Each structure stands twice: as C-alpha cells, then as structure tokens.
Amino acid sequence: MRGHLATWANTVVAGAFAAGISITMPAAADDTIKVGVLHSLSGTMAISETTLKDTMLFLIEEQNKKGGLLGKKLEAVVVDPASDWPLFAEKARQLIEQDKVAAVFGCWTSSSRKSVLPVFEELNGLLFYPVQYEGEESQRNVFYTGAAPNQQAIPAVDYLMSEDGGSVKRWVLAGTDYVYPQTTNKILKAYLESKGVAGEDIMVNYTPFGHSDWQTIVSDIKKFGSAGKKTAVVSTINGDANVPFYKELGNQGVKAEDIPVVAFSVGEEELAGLDTTPLVGHLAAWNYFQSVDAPANAEFIDAWKAYTKNDKRVTNDPMEAHVIGFNMWVKAVEKAATTDPDAVIDAIVGVSVPNLTGGFSTMMPNHHITKPVLIGEIQADGQFETVWETPGLVVGDEWSDYLPDSKSLIADWRAPMSCGNFNVATGKCGGKAGTTN
Amino acid sequence: MSKANTILYLDGVSVSFDGFRAINNLSLVLDKGEMRAIIGPNGAGKTTMMDIVTGKTRPDAGEVYFDGNVDLTRHDEADIAMLGIGRKFQKPTVFENHCVEDNLLLSLKGPRSILPALFSRRSTAENKRIDDIFDIIRLGHRRGDLAASLSHGQKQWLEIGMLLAQDPKLLLVDEPVAGMTDAETEETARLLKQIAETHSVIVVEHDMHFVRELGVKVTCLHEGSVLSEGSLDFVSADERVVEVYLGR
Amino acid sequence: MVPGGPPVRDPVNDPPEPVLYMGFLRNVVAAGLMLAATLVCAAADEAELRQLVAKFADANNFQATEAVVRELGATGSPAVEGLLTALSQGSLYVRKADDAIFVGDEVGPDIKLRDPLNGEAVGTVAKAGLTKIKVNNTLRRVIRDALGGLTLGSNDPAVRLAAADTMFKNPDPATIAALDAAIAGEAVDSVKARLEQARASAVLLSDLGEADKMAAIDILSSRADQDSLSQLSRFQASAEGPLRASAAAAVATIDQSLALWQVGQNVWYGISLGSVLLLAAIGLAITFGVMGVINMAHGEMVMLGAYTTFVVQQVIRDTAPGLFDWSLAIALPMAFLVSGAVGLAIERGVIRFLYGRPLETLLATWGVSLILQQAVRTIFGPTNQEVGTPTWMSGSFQLGQLAITWNRLCIVVFCLAVFALLLHVMKRTPWGLQMRAVTQNRRMAASMGIRTPRVDALTFALGSGIAGIAGVALSQIDNVSPNFGQGYIIDSFMVVVFGGVGNLWGTFVGAMSLGILNKFLEPYTGAVLGKIMVLVLIILFIQKRPRGLFALKGRAVEA
Amino acid sequence: MISQRFFAAGADRRIAITISILIGVAVIVPTLNIAVAPDSAFHVPSYLVALVGKYLCYALLALALDLVWGFCGILSLGHGAFFALGGYAMGMYLMRQIGDRGVYANPLLPDFMVFLNWKELPWFWHGFDHFWFAALMVMAVPGLLAFVFGWFAFRSRVTGVYLSIITQAMTYALLLAFFRNDMGFGGNNGLTDFKDILGFNVQANTTRSALFAASAATLALGVFVTWRIIGSRYGKLLMAVRDAESRTRFLGWRAENVKLFAFTVSAVMAGIAGALYVPQVGIINPGEFDPANSIEVVVWAAVGGRGTIVGPIIGAVLVNAGKSWFTGALPEFWLFALGGLFIAVTLFLPSGIVGMWDSWQAKRSGRKAAADAADATAVPEMAIAPAAIVRGGRPAAGAAPEPQPAE
C-alpha cells in the first residue's frame with residue numbers, strides 16, 4: 001500500500017513540475033542573443049499574428065547574415081500564446097525569466113498587451129508592439145511602433161473632409177465593440193465636433209467580435225447616407241468581421257464614390273481573402289502600403305518573397321512596424337554596446353532608422369515613433385493606391401488632445417522626467433511616479 | 001361513491017398523448033388496507049395510471065384522491081411520496097453505485113431537505129429500522145455490496161425494501177416478479193402478502209400464477225379503462241377479458 | 001454603376017428587350033445626338049479634343065485632373081466616353097518619353113497601348129516607361145457624372161437608365177433641358193419614368209413655377225423610396241406655402257410606406273440569417289439530433305467545405321477560368337465528398353468506440369476539431385483565403401423597396417433545397433428508413449438484417465457531408481480561415497436544441513425564428529445586445545419547454 | 001470521528017494524502033522561492049511559482065466542475081462563467097486599490113472609465129474598495145447566478161444536453177455582455193494593471209508566494225469540503241440523483257434542490273478559484289467567459305478522472321502543464337498534440353487517469369481478494385466513477401457500444 005501511494009504522490013509532483021523542468025531544458029548558449037517572438041500561432045488572432053512571427057524570423061535571419069549583433073548571432077525564441085490573454089502573460093514571463101531574451105517582439109490586441117504590461121514592468125524586459133492602437137498609454141518597457149490615433153484616424157478624417165476626399169459632411173463611426181474602436185471613436189467624435197459637425201450627422205454603431213451578418217447595418221448605413229449630405233464610414237471593425245462586412249457592402253452596391261469606407265484595421269492581408277473588384281475606391285489609412293513606390297520597399301518585398309518562397313505573400317503595416325522596431329533595437333543595442341534593458345531604453349530614444357516608405361522614423365521620448373500617414377484606395381488587385389499622404393512625419397501622440405482627461409498628460413522617458421503620464425497642469429507624474437523598475 | 005374510507009380514489013380520469021388516449025375515463029377505488037392486483041394487456045394504461053397517481057403525469061380530466069381527501073393532481077412526485085405513496089418501477093431501479101445499505105438509508109422515512117442530509121449522523125433508530133428491513137427482504141448478507149452487483153430478483157427485493165423504508169400508506173408495485181425464477185416468485189408473493197398486512201398495495205402483474213398466489217381482488221384494464229373487476233376467477237371467466245388477451 | 005465595370009445585375013424592373021425596340025433605335029440615336037447638340041453649341045472636332053486630352057499630362061494633382069475631366073465632359077463628344085471610362089478604372093497612362101496620353105491594358109510586365117480617342121492599338125511599352133494617371137473617389141464621381149450626361153443618349157436602355165439614376169441622385173437644374181429632350185425621345189417606359197423622376201428632382205431645385213414643382217412633388221412621391229424621401233424633405237425645409245404643405249404630405253406618405261417596407265426588409269433579413277443558421281445547423285441536426293453524437297468538430301466540417309470551395313476555385317482559375325461561374329456547382333459535390341469522407345473517417349476511427357457515451361464524444365470530437373483546425377492552418381496558412389463570388393451571385397436587385405442581394409437569395413433557396421432533399425432522404429428512401437429504424441430500435445433493426453454499423457457510419461458521413469455543402473454556401477458570406485467553423489458551432493447547437501433534438505422540422509423552425517427574432521431586435525438594441533437577448537430568451541424558453549420547440553411527447557420511459 | 005475517517009483506508013486515505021501534499025506544497029514552494037538562494041539547485045524560480053499557482057486555481061475550478069458533473073451528472077458547459085465572475089469581483093477590488101496611482105491619477109475612477117469619459121463610479125462598483133466586501137462578492141455573485149439559473153433550470157427539469165447547452169448559452173451571453181464597454185467592466189481589455197492586494201505589492205515575490213500558498217491551501221480546503229460533502233448522506237443522495245433521478249423523486253427527495261445545492265456550492269468554489277487566479281495572472285477579461293474555456297475545464301476533469309476527487313486536480317495540472325510545455329516547445333504543432341491527447345484519453349482511458357489507475361489496482365488486488373475477502377467494506381473510490389459501471393442505463397454486459405439519440 002505504501003509503495004503505491006508513493007508512486008501516486010510522485011505522479012502529482014512530477015506533473016506539477018513537468019512544465020518548469022522541461023522549459024528550462026534549452027540551456028542558454030552564451031554566444032547568442034535571444035529575441036522573443038510572442039505572437040499567437042493558433043486561435044482567433046493567428047490569422048493576423050502568424051505573419052508577424054514570420055517577419056521576425058526573417059529579420060533575424062537577415063541580421064545574422066549581416067554578422068549578427070555585437071559579434072553574436074541572434075536566436076529567435078518562438079512561443080505560441082494561442083490568442084489566450086492570460087497565456088500571453090505566462091509566455092512573456094517565460095521568455096524573460098527562463099529564456100532570458102534580450103527583447104520581445106509581439107502582441108497584437110490591446111488585451112494581450114495589457115496582459116503582459118505588468119510582466120515587462122516587473123521583470124524589466126523590452127517589448128516592441130507593432131500594431132496601431134488606441135493610445136492612452138506609455139510605458140517605460142514598451143515601444144509602440146504601430147500608429148497612435150493621431151497617426152491614423154485623425155489624418156484619415158482630415159482627408160475625407162478635404163475637397164480631394166469628397167468634402168464629407170456626415171459620418172458613420174462603425175466599429176467592433178472593444179476598447180480600440182471605442183476610444184478611437186470617442187477621439188474622432190470630439191475631433192469632428194470641434195470641426196463643426198453636428199451631433200445628428202454622426203452615427204455610431206458597434207458590433208460584436210466576428211460579426212458576420214451585416215445586412216441590417218449596411219442598409220442602415222445606406223439610409224443614413226441618403227440624406228443628401230456627402231457621407232463616409234469610418235470603420236474600426238476588427239479583422240475577422242471585415243470580410244463579411246465588405247462582401248455585404250459590395251453586394252448591396254455601396255459604392256466608394258457614394259459612401260466611401262475608410263478602415264484602420266484592413267490591410268493587404270485582410271484583402272487577400274476578398275474579391276476587391278466591388279470595393280475599388282474604399283479607403284484605408286496606414287503608415288505603409290505594399291504598393292508604396294520606394295527603393296527600400298521594393299528591396300524588402302523581394303527579400304520577403306524570396307524568404308517565404310511565395311510570390312503571392314503580401315506585406316502590411318504591422319510588418320513594417322516590426323522592421324522599424326527591430327532595426328531601432330539593433331541600433332540602440334549597438335549604441336549601448338549591451339543588450340541590458342536599462343541601457344537600451346536610454347539609448348533608443350532618438351534613434352532614427354529608415355522606414356520602408358522612403359523616409360526615416362525616429363523613436364521619440366514617449367516611446368512612440370514618427371511616421372508618415374498614408375491614405376490609400378483599394379484597387380482591383382487587392383492592393384492600395386496612395387491617394388494622399390501627410391506632408392511630413394507625424395509624431396505618435398500617446399495622450400490624445402481630444403479627450404478631456406488626457407489633454408494635459410505627456411510622456412517623456414528621458415531622465416530626469418522619466419515619466420509616462422506627466423501632468424503638465426499639476427506638474428506631477430501620475431501613478432507610478434519615479435518607478436524605475 | 002364515498003371517498004371517505006378509501007386510500008385511493010380515481011374517478012373519470014383521462015389522459016392522452018398526442019391524440020392517443022392512454023387513459024380513458026378510468027375509475028378505480030382502493031379501500032384502506034386493501035391489496036389489489038391489476039392486470040391487462042400491453043398498452044392497457046397500467047403504468048400510465050401509476051404515473052398519474054404518483055404525480056409524474058397530470059391527468060387531462062378526472063379526480064384523483066388519496067387517503068380520502070388529498071387531491072393528488074395538485075402535488076408533484078416528491079410531495080406525493082412524502083404523503084405516503086411508494087412506487088416500484090417496472091424495471092428495477094435502485095442506486096446501482098451505492099451499496100445496498102445506503103440504498104435503504106436514502107429511502108428511510110425522515111426529513112427530506114438538504115441541510116439535515118448534509119450534517120446528519122445515522123441514528124440507532126435508523127440502524128434498527130434498516131436491520132428490520134433487511135430481515136424482511138432477506139438481503140442482510142449483501143448489505144455492503146454494490147447494488148449493481150445484485151441479481152435481477154435481488155434488485156426487485158431491494159426496491160421493495162426501499163419502499164418499505166419509506167413507510168408509505170400505499171405501495172404501487174409494477175411487475176415485481178418479471179424475470180424471476182419460480183422460487184423467487186413464490187418468495188416475492190409471500191413478501192407482498194406480509195407487507196399487505198400493514199399497508200395498502202396495488203400490484204400490476206402479468207404473471208397469472210403470481211396473481212393467483214396473491215389471492216386478492218383483480219382489476220383488468222383495457223384501452224385505458226376498467227374492463228372487469230372481481231376475483232381472479234371471476235375476471236378470467238369474463239368473455240371480454242378472454243377476448244382482449246387472446247384476440248378474437 | 002461604373003461603366004464597363006463588372007457586369008452588374010440589370011437594375012431595370014421590366015427586363016429590357018433591345019431587340020423589340022429595334023425600330024426605335026434610330027430615334028434613340030437621334031435623341032442622343034440632339035442631346036449632345038443641346039449640351040454644346042458645336043461638336044468639338046478631334047484636334048480640339050486631343051488638345052484637351054493632352055492636358056492630362058500636366059495635371060499633377062486631383063483637382064487639375066478633375067478640371068480636365070470637366071472640360072472633356074462639357075464637349076459632349078461621344079468619343080471621350082471610352083477615355084473617361086478608362087480613366088476611372090485607372091488605365092489611362094502618360095508616356096514618360098513624350099507626355100503622350102494612352103489607354104493601356106496590362107499584359108504581364110508590359111502595357112499594351114491604345115489611342116485614347118479612336119482605340120487603335122499603338123504598341124506595347126514596359127510599365128516603367130509610363131505614369132499612371134491617378135484617380136480617387138471624388139474624381140471617379142466626377143467622371144461618372146460626366147458620363148451620365150454623355151450616356152443619356154446611349155443605345156443600351158440599361159445604360160440610359162443608369163444615367164437617369166445618376167442624374168436623379170445629383171439633381172442639377174441646368175440639366176432640365178437635356179432631360180426634357182431625352183424624355184421626348186425615350187421609347188422605353190421604365191427608362192422614361194426614371195428620366196421624369198430625374199427631371200422632377202432637378203425641378204425642385206430650379207426656379208420654375210409652383211405648378212411645375214407641384215407636379216415634381218407628385219412624381220417624386222410616387223417613387224416613394226429613401227432617395228425621394230430625402231429630396232422631398234430637403235425641399236420641404238426650404239419651401240413655403242402650399243408647396244411646403246404638399247411636400248410635407250408626400251413626406252408623410254413615403255415615411256409610412258417605408259416603415260411598412262422596413263418590416264418586410266427585417267423579415268427578409270431574418271429569413272436570410274435564419275437560412276444561414278439552418279445551413280450551419282442542419283448537419284448537426286443529423287449527427288447530434290439523430291445519432292446523439294455531441295459533435296464539436298461540426299464547425300470544422302463546415303470549414304472543410306469552405307476550403308474545398310477555395311481549392312476548386314483555385315484549380316478553375318489556373319486551368320479553366322471560363323468555368324468560374326460554375327465553380328460553386330462543382331464545389332458542392334466535392335465538398336460533400338470531402339467532408340463526408342472526413343466524417344466517415346472520424347466515425348470509424350473514433351466515434352464508433354464511444355457510442356452510448358455521448359459526453360465523451362464531446363471530448364473526442366473537441367480534440368478532432370483542434371487537429372482539423374491546425375491541419376488546415378498548416379496546409380493553407382492562417383490567413384483568409386479568397387473565395388470568389390460568381391457574377392450571377394453578385395449585386396442586388398430591388399423588389400419594391402426591398403433590397404435583396406443575390407447571394408443571400410441564393411443561400412435561402414439553396415438552404416431550402418438542402419432541407420427538402422434531406423427530408424426526402426430521411427422520409428422517402430430505403431436508406432432513410434434504415435436510419436430511422438436504427439435510431440428507434442437498434443436491436444430490432446439489427447435482427448431485421450440491417451447492418452447497423454454501416455448505417456451509423458453512413459449517417460454520420462451524411463451529416464458531415466451536409467455540413468460540407470453548407471460550407472460552400474457560407475464561404476460566400478464569411479471569412480474562409482481556419483477559425484471559420486468556430487463561429488458557427490455555438491449557434492448551431494443553440495438552433496438544434498431550441499428546435500428540439502431529433503426533429504428536422506424543429507431545426508428548421510428554430511433557425512428561422514431565431515434569425516427573424518434577431519433581426520427584429522437588432523434595430524432597437526444594436527447587434528450586441530440583440531444577440532445577448534436572443535441567448536437569454538433561449539435560456540428562458542428551455543425552462544418553458546425543457547425539450548425544445550418540437551419535443552416528442554408521450555410516456556417517456558425514464559430510468 | 002472525522003480524524004478517524006480521515007486516516008481510514010482506501011479512498012479516504014487518498015484524500016488525506018492529497019490534502020497533506022497540498023499543504024506541504026503551500027509551505028515548501030514559497031520557502032524554496034524566497035528563502036533559498038537563486039543559484040541553489042533547490043531554488044524554485046518565481047516563474048514556476050506563478051505558473052503552478054495558476055494551475056492550482058484551474059485545479060480548484062476542475063474540482064468544482066466535477067462536483068456537479070462527476071457526482072451529480074450535470075454537465076455544465078458554463079463553469080468558466082462562475083470562475084470569471086469571481087475573478088471580476090476580485091479584479092474590481094484590485095482596481096479600486098490602485099486609487100490615484102492610475103495613469104490619469106483619478107482617485108475614484110479606474111483608468112478605463114476615465115478615458116471613456118465616465119463621470120462617476122457606477123453603482124455596482126461601490127463597496128469593492130473593501131476587501132471583505134469583494135471577498136463576499138467573489139462568493140455571492142457566482143453563487144447567486146448559479147442559484148437563480150439552477151432554480152429555474154432544475155425546477156423545469158431541464159436535463160442532459162439541454163442543460164449543457166443553456167449553460168453554454170449563459171456563458172456566451174455573459175461573454176458578449178462583458179465585451180461591451182457600456183457594462184463598465186473595461187470591455188475587451190478587462191481589468192488589469194493591478195498594484196496592491198491587502199496593501200502588498202502584487203508583483204512582489206513574497207506576495208506571489210503568499211498567493212501561491214493561499215491557492216494551495218484553498219485547494220486543500222476545497223478537497224476537504226468536497227470530500228465531506230460526498231461522504232455525507234447528502235453526497236450519497238447526490239450520486240443517487242445522478243444515477244436514478246426519478247427514483248429519488250419517488251422516494252420523496254426534491255431532486256431539483258439536491259442539484260441546486262451542489263450547483264451553487266460548485267459555482268462558489270469556481271468563483272473563489274477565479275478570485276485567486278486574477279492577482280496571480282494580473283488580468284481578468286471577458287476571454288475567460290469564452291465557451292471554449294468552459295469546455296476545456298470539462299476536458300481536464302475527464303482526463304484526470306470524472307467522479308473522483310483527485311482526478312480533476314491531476315487532469316487540470318497535467319493538461320495545463322502540457323499546454324505550457326507544448327506551446328513553448330512545439331508552437332506550430334501543439335494543437336495536434338493536445339487534440340491527439342483528448343482523443344487518446346477518451347479512447348484508451350475512458351474513466352480518466354485516476355479511473356485507469358484504480359481499475360489496474362482493482363485487478364491487482366482482485367487476485368488477492370480471495371485471500372482477503374474481509375476488506376470488502378472498503379469501497380474503492382473507483383466504485384463511484386459512473387464510467388465503470390453502467391452507461392445510459394444500459395447493461396454494460398456484452399452490449400456493443402451503440403449510438404443513442406440525445407435526450
């Protein structure tokens with residue numbers, strides 16, 4: 001009897017620790033620098049994030065071809081957080097604590113970023129986050145290489161209000177019901193009202209994730225648009241729901257000339273799943289399009305297609321964000337001559353690297369970067385054609401000027417301020433004042 | 001008819017399922033302390049009648065009274081069981097994953113709410129009662145075994161034992177000897193007769209030998225109503241009964 | 001309608017019959033010419049046109065291009081039609097060498113050039129040697145309006161009708177004269193009616209007299225749709241006196257009739273959503289309802305059907321593009337076979353060992369669904385795959401004030417057909433008889449000589465195959481991605497359980513009522529709350545009828 | 001009496017061992033984490049503490065589910081909802097503890113309310129600044145939901161797949177509702193960025209170790225409570241309801257109340273598990289309501305062994321450890337491995353790991369049984385695993401498995 005109990009007890013203990021032991025197994029080799037890749041490869045977000053994992057592997061391979069970093073080879077550590085937010089935190093902890101990665105490139109949704117934030121803060125890791133997001137955040141350990149609302153939403157609305165964009169007077173703000181659209185729409189609403197758009201000329205509509213029956217909403221949009229004033233739809237509809245939305249738009253005959261739809265979450269990858277002929281002319285606002293005519297871009301696309309051995313693989317904006325973020329990190333590590341996070345955080349502000357649209361992007365003290373804003377129209381071949389771009393680069397604005405509570409906040413991670421939410425009105429750093437770790 | 005001295009009183013009861021009349025204007029009266037055998041071909045409505053008495057099925061029409069003045073149509077199964085009607089199913093239904101003793105323990109008369117069940121200890125009175133029942137159903141040697149391991153006949157007895165533990169005023173026993181050996185059948189008849197000394201009993205059975213052994217008044221059901229009633233000899237002499245059993 | 005764009009369903013209510021009207025052709029051409037004559041004093045000669053066209057080379061922003069387009073439109077010359085169409089499609093180029101303008105067709109890395117005015121082939125040039133003239137929405141609109149004026153004289157009634165519609169939506173008092181001419185020359189009644197409506201909308205904005213405007217209000221109120229409503233209400237806001245009153249009355253009438261139509265529209269949306277639910281659930285009604293297998297991999301069967309469609313279309317695109325319109329018809333049997341075969345393999349490999357343990361089938365099929373999802377992800381990649389819509393399924397048509405899209409209509413019809421077929425199989429064929437016999441009394445069926453394991457396997461394969469063909473239809477409205485099936489599995493279970501397990505009609509009524517309920521709630525509560533309310537209603541409904549809508553009644557034998 | 005039974009033979013002994021191990025783990029692991037130098041071979045890294053702490057919460061959830069599924073036959077596909085509600089109650093407390101240290105330095109409103117322009121704290125957020133209130137809500141909210149839901153469902157005699165599907169509908173509806181930002185629970189992002197719990201920094205190693213110890217101890221308590229429930233007369237009744245519900249009704253028991261009690265207790269346990277989970281993972285968001293999560297809980301219980309007390313714990317720990325390992329080691333293919341595991345378990349281990357172990361033991365001891373018949377009173381725990389006996393009321397003897405229409 002005793003023997004069997006002992007065996008049984010062993011099973012429990014062994015089971016409990018199996019994970020830890022086996023994860024520790026790949027012992028860290030000292031001659032490599034590890035880079036964590038934290039993108040979902042399964043579950044609902046795999047559709048968007050898998051490409052970013054491939055991008056990172058590609059960039060690391062390219063860097064190794066150039067001789068690595070600080071004389072060492074780079075080594076990618078890929079994990080699958082499976083679109084499960086708490087799993088993101090677990091995996092982030094594993095990457096930093098167990099695998100001792102020098103930096104992590106990852107996350108897509110705001111929830112996943114929010115879930116890993118405390119981990120990066122606690123363990124003093126580095127996260128490069130490549131996706132456009134709602135802003136209202138600046139964290140010492142995170143670098144936001146995607147667009148803040150002022151680098152995407154506001155220029156898009158500006159364009160539509162301009163004569164070129166059709167002098168739009170009436171707005172439908174349609175989004176998936178989560179934080180990014182809610183915040184973006186709040187900012188846009190405040191912005192539109194500041195430009196004299198009446199409340200009755202703004203229609204806000206939210207749908208659940210993965211919404212697939214768009215009949216009612218598209219017909220509502222049509223109705224709203226038939227009031228005689230030029231109408232446009234600003235879509236913050238999340239990835240998955242876009243395909244059925246555009247299919248319904250096409251079928252109900254909503255033409256871009258009549259009611260253009262400008263989207264912030266629809267890129268080349270999403271369009272790859274669609275016949276775009278009926279959608280020609282609908283818009284997207286990004287900081288990068290595959291179709292951008294720049295030597296750097298052409299070179300990147302060729303190398304990417306060669307790497308993936310797939311002539312049809314498209315590129316998109318979050319990929320460019322990773323390219324910029326990765327190059328910035330490389331440059332900062334070279335500048336600091338170490339991968340130590342504190343040194344990299346100090347070194348990276350002000351680092352400037354070429355982006356793929358033919359200019360340079362710079363890491364600002366608020367850990368957001370400068371980017372051009374491009375407005376593109378969907379073409380029949382599934383690509384975008386740039387119809388407008390900002391004359392210069394736009395600095396990512398982490399705290400929106402159009403939200404009453406964040407108006408007076410700024411972020412500056414350089415010493416001596418070193419604060420993510422400094423209130424210029426009160427002269428105080430809110431929240432985690434003086435947190436250096 | 002007066003309900004006063006009856007233990008069970010059914011008058012004009014009808015019920016139908018999707019247009020099929022399972023019970024059709026059925027009237028049946030059982031006196032206190034009486035044992036009655038109910039026979040009838042398949043589909044005569046025997047089990048449905050029991051469903052009505054025990055509250056499982058609500059009648060579409062008619063009166064069902066228990067103990068003279070309790071309207072059974074207003075109560076559900078658990079209420080009716082607490083009023084003092086115990087039922088044994090056609091297919092022996094015991095708690096297969098409990099030991100025999102626990103089967104009886106759960107059936108013992110007593111409070112039926114959750115908290116007492118959660119904290120109660122077994123009392124000496126309960127132990128005594130269980131021992132008594134084991135004496136009656138003669139399963140004392142199997143008390144620690146899983147009910148699932150009992151033979152078919154033993155399960156039937158266990159179920160009867162569970163009914164006894166409930167201490168009901170009226171027992172409804174559905175085909176107690178189905179699948180039993182002759183010896184077991186005899187034993188069961190003895191057991192039921194012993195029970196009938198202190199309880200009112202309705203026995204539904206096909207086995208005529210068994211019914212004869214019980215030696216009680218017989219009611220023959222057909223198509224949901226009473227076809228014939230009286231002693232077994234009287235009923236089996238009834239031409240209509242012969243007809244429904246043998247066909248034309 | 002973008003001229004020269006993809007063939008779009010003919011928006012004419014009564015089918016146009018150009019042949020019938022051959023006799024009037026001359027008239028029509030004459031009218032067209034007359035119209036051109038009224039637009040400009042004299043037809044511009046070709047040299048002048050070429051001069052105008054050459055201006056595109058210098059136009060380096062949208063406004064400049066727009067100005068050129070307006071000038072070209074103002075010439076009224078039919079010759080510029082092709083040129084403008086090409087511009088709106090983005091196939092007008094400037095040759096870098098000499099700033100000459102051409103219409104170009106992409107042929108691989110090169111572009112075949114044509115003369116912008118007479119369309120004669122000029123030669124082929126590498127892409128690098130040309131600059132495309134960029135267009136945007138605003139410009140496309142301007143072009144469309146310009147073409148609207150030009151195409152009023154077209155030979156094709158459909159084109160004239162489109163032109164009338166464009167002019168209706170962009171009323172301009174300056175066009176009244178042209179419209180009058182067009183109306184006078186128009187022989188097709190439906191086109192004439194639209195022209196009159198276009199004229200009426202222009203009249204409301206003009207400074208014509210009260211009588212004219214009254215007549216215009218009448219014409220518009222007879223149209224009674226959203227557009228005429230908004231034009232009338234705008235007019236009402238600015239008008240005075242009797243005009244205002246009669247416009248108000250017209251607005252009220254239209255409002256009322258539109259409200260009625262709205263109910264119809266909601267019913268249609270509901271039916272259409274219901275048929276999507278039904279398609280997704282109907283296979284489950286067999287595997288779950290009839291066989292009792294809690295098949296969590298059902299959604300993946302639907303997904304396999306959608307991927308089969310994708311593969312079929314890929315093959316057709318590569319080998320026989322002409323067959324593309326038939327791709328769905330070809331995909332249907334393929335999807336049935338693929339999903340059916342996978343279902344058969346699952347039944348033989350896993351489920352048959354688990355019969356009688358329904359909750360464990362849940363576990364095993366959950367595992368199967370994970371494997372299938374990941375397999376598809378590994379083979380096809382995680383991103384959406386493009387499943388094209390055959391031309392006959394694109395676009396929409398108007399039935400009164402109901403906008404009905406062809407793909408939804410096809411799905412509704414298809415769904416009813418599948419349902420009818422399945423009913424027929426279950427109720428009228430020997431196989432269906434065996435299936436029912438086996439599910440009702442297995443041992444009896446076995447002793448009658450029915451090979452029950454075979455019936456089990458085929459029944460499961462049938463359910464899976466039906467899920468596969470549902471995937472073909474659903475690929476037309478949703479993302480084709482590895483997560484495709486996940487979106488339908490919960491809804492499918494809700495439908496089957498709501499309708500009553502084991503009853504095909506229950507599934508039908510369940511799907512339709514949930515669909516319609518959802519669509520009636522949506523306008524009031526929004527999509528999210530609407531869905532939550534439907535779920536809560538299902539929970540409450542199950543309290544009322546614990547065995548679903550169409551529960552089998554009777555003396556259920558209970559242990 | 002209790003101590004006597006506690007150290008009795010057979011199943012009870014197993015419980016005693018489990019509780020001892022859990023309490024041992026609760027003491028030893030934090031000690032090894034805090035007191036032992038990081039370079040020592042005995043040091044338990046914080047990463048592992050957080051990970052295993054998470055598994056223990058899952059184990060408690062699986063145990064809660066097993067109380068209703070294994071012992072009462074109610075297959076709830078919505079237990080994740082109770083877990084998440086408990087987690088939200090705790091998350092609300094943690095949010096309120098942030099006070100004015102949020103990014104907007106608003107002393108009253110959590111950050112997500114500030115940037116969505118909320119002006120005042122919604123009424124249901126009041127009280128959550130007190131730990132006792134939050135602790136009460138951790139139990140009361142899931143308990144109340146389960147009570148109301150169960151009261152209606154069991155009274156209407158909704159059973160079998162119908163019940164399973166409406167529990168799924170419940171969690172799905174809650175998922176959609178919590179996604180809505182208007183609900184005031186932070187929408188998709190949920191509640192995060194916690195600072196303190198009871199005045200201690202949630203990110204500190206000591207706090208994490210304390211939370212770990214609390215989880216292990218709570219799980220031990222959960223095991224104890226479940227064991228006491230199962231061992232009582234009510235526990236017997238619970239299984240009686242599972243095996244022959246109508247029989248219990250005809251014996252005068254109110255089967256709906258029997259189920260309702262177990263369902264409510266189970267929901268409360270799940271809520272507590274969620275409350276312990278949230279401070280350890282640092283976030284609670286509507287993803288926890290995902291029906292797929294609830295199905296996974298069922299899978300854990302089934303893998304470990306349904307209808308046993310230790311089974312779900314082993315299942316939860318093993319499956320999650322496997323998931324942690326696979327997602328790191330085979331990021332592209334782990335779903336194949338996980339899916340394959342589920343299929344293999346159902347095909348080859350129909351009564352789970354513990355069930356298989358027991359039947360193996362039973363076989364072994366069966367050989368000794370002839371010599372040692374006196375031990376018959378010790379009922380092996382396997383006996384209450386329904387999988388081993390009769391399925392769907394059909395005699396197991398010799399009958400080939402066959403499909404049955406769902407009820």
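Chain naming here is simple, since letters A, B, ... match the order of the sequence lines and numbering starts at 1 in each. Bear in mind the structure is a predicted one, so any value in this text is a computation, not a measurement. Basis for what follows: all heavy atoms, side chains included, without hydrogens, waters or symmetry-related copies.
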Whether C:Q374 side chain and D:E332 backbone form a donor-acceptor pair below 3.5 Å: yes
C:I351 versus chain D, the contacting section by heavy-atom distance below 4.5 Å: neither
Under 4.5 Å from any heavy atom of chain D - which part of C:L362: side chain
Spatial distance of atom CZ (C:F493) from atom CG (D:L77) [nearest 0.5 Å]: 9.0 Å
Value rounded to 0.5 Å, distance of CH2 in C:W366 from CG in D:L338: 10.0 Å
Reported CG-to-CD1 distance for the pair C:L535 and D:I166, which is rounded to 0.5 angstrom: 11.5 Å
C:V528 vs D:F179 side-chain heavy atoms within contact, under 4.5 Å: no
Best-contacting candidate, D:A153, D:A337, D:A302, against chain C by heavy atom pairs under 4.5 angstrom: D:A153
Point-to-point distance, once rounded to the nearest 0.5 Å, from CZ of D:R155 to CD of C:Q543: 11.0 Å
Flag side-chain contact, heavy atom, 4.5 Å: C:K544 against D:V158: no
Residue pair D:Y162 / C:I542: nearest heavy atoms and the distance that separates them: CD2-CD1, 4.2 Å
Side chain, backbone, both or neither of C:M533 within contact of chain D (heavy atoms, under 4.5 Å): neither
Max heavy-atom pair count under 4.5 Å with chain D, selected residue of C:S369, C:G367, C:P453: C:G367
Partner chain C: residue of D:V299, D:L163, D:L175 with the largest heavy-atom pair count (under 4.5 Å): D:V299
Side-chain (D:Y172) to main-chain (C:D491) donor-acceptor, under 3.5 angstrom: no
Minimum-distance pair of heavy atoms, taken over all atoms of C:L363 and D:F342: O-CB, 3.9 Å
Non-hydrogen side-chain atoms of D:F152 and C:I539 separated by less than 4.5 Å: no
Contact origin within D:L75 toward chain C - heavy atom pairs under 4.5 Å: side chain
Derivation and outcome, side chain to side chain contact (heavy atoms under 4.5 Å, CB included), residues D:M170 and C:I538: CA-CA 10 Å; D:M170 174 191 78; C:I538 292 178; over 6 Å; no
Minimum heavy-atom distance C:I490-D:P291, with the two atoms named: CD1-CG, 3.3 Å
Chain C contact via D:W69 - which portion, at a heavy-atom distance below 4.5 Å: side chain
For chain C, the option from D:T167, D:V298, D:I295 that forms the most heavy-atom pairs under 4.5 Å: D:I295
Spacing of D:L347 atom CG and C:R352 atom CZ [to the nearest 0.5 Å]: 10.5 Å
Residue part contacting chain C, namely of D:R180, when any heavy atom lies under 4.5 Å: side chain
Which atoms of D:L176 approach chain C - backbone, side chain, both or neither, heavy atom under 4.5 Å: both
Distance-minimising heavy-atom pair for C:A364 and D:T346: CB-OG1, 3.5 Å
Chain D contact via C:T378 - which portion, at a heavy-atom distance below 4.5 Å: side chain
From CE (D:M183) to CD1 (C:I532), nearest 0.5 Å: 7.0 Å
D:S156 versus C:P546, closest heavy-atom pair with distance: O-CG, 3.0 Å
